[in-house]
Amino acid sequence: MVAALVLFACTPKTQQGEPTGHEIAVNEAPPTPPEQPARASASPQPPAAPRQIPEDAPLSEGVVSFEGMLRGTKGGFDVRGVVFEFAELRRPLPESERSKTDDELLGAKLRIVAELRSHHAEPQPPGEPQLQMRSGDWMSAVKVFSVEVAKPAVMIEGVVGRSKGLFTVGKHMVSRDDLDWPFKGADVVGKKVRLWGQPRTYVCPPQAQCLISGEIPMFDVARGELQ
């Protein structure tokens, strides 16, 4: 008789250290789990290889792959102007991300493969009851094939200051629209805030009055709170 020896190895869970400074990455994506057999509830597969749309290019209809920061909007989530229902955007996410609250998801940069359709709506005629409806050109998602977290949300904190039409929070610049969005237009200059979203670098054109480096460290805001 051949004896079989089975060894069980237990590795203690690594505790992640607290990030230093005032820019903190949150909602880190977990390691990709092993592939599981396909189930009936899995997301539909795209009919062809999706067309990649760069971040600086406008969205267009068809089966496309694009990235964008997740914001909240009335009745759903907004990614680069495309409004998704909560369920259709959550369903394809990994289970660890899907179980998070709406606030915990806001500010993450998502990579989405979806079939988009373009729409055009004329402005409402004068004298007609003014309803909350879209006008102009806009996009909707016919199908969502996959959603993954390309970059977790980042949190910054600091006292809000003014700077030539922009606002400063720590080492970042924030636009008026981005600061008005989470605080509903309230004056928060001189107050300490926390903001969740994505940092980006704006490169100034040669003729523009800009920082010495020619770059502005901007921060796009998905949500915020007063400290």
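Among residues two or more places apart in sequence or in another chain, the ring-ring contact (aromatic ring centres under 6.0 Å, His included) test is passed with Tyr202 by none. Every residue meeting the salt bridge (charged side-chain N to carboxylate O under 4.0 Å, His left out) condition with Arg71, not counting sequence neighbours, appears here in chain and number order: Asp178. Looking at residues two or more places apart in sequence or on another chain, you find a side chain to side chain contact (heavy atoms under 4.5 Å, CB included) between Thr101 and Asp103, Glu104. Shown here are the ring-ring contact (aromatic ring centres under 6.0 Å, His included) partners of Phe77, two or more places apart in sequence or in another chain: Phe86. Every residue two or more places apart in sequence or in another chain that forms a side chain to side chain contact (heavy atoms under 4.5 Å, CB included) with Ser65 is listed here: Pro50, Gln52, Arg111, Val113. Qualifying side chain to side chain contact (heavy atoms under 4.5 Å, CB included) partners for Asp180, counting only residues two or more places apart in sequence or in other chains: Arg176. Contacts of Arg194 classified as salt bridge (charged side-chain N to carboxylate O under 4.0 Å, His left out), with partners at least two apart in sequence or in another chain: Glu157. Remark: Glu88 engages no residue in a salt bridge (charged side-chain N to carboxylate O under 4.0 Å, His left out) (not counting sequence neighbours).
When all heavy atoms of Val221 and Pro182 are compared, the pair lying nearest together is CG1-CG, 3.9 Å.
Residue pairs meeting the salt bridge (Lys or Arg N to Asp or Glu O under 4.0 Å) criterion with at least one member in residues 50-66, sequence neighbours excluded, are Glu55-Lys109. Sorted by first then second residue, the ring pair (Phe, Tyr, Trp, His ring centres under 6.0 Å) pairs that include residues 88-118, not counting sequence neighbours, number zero. For the ring pair (Phe, Tyr, Trp, His ring centres under 6.0 Å) condition, no pair includes a residue of residues 91-112, sequence neighbours left out. Residues in residues 152-171 take part in no ring pair (Phe, Tyr, Trp, His ring centres under 6.0 Å) pair, two or more places apart or across chains.
With respect to Asp102 and Arg223, no salt bridge is recorded, no charged nitrogen being found less than 4.0 Å from a carboxylate O.
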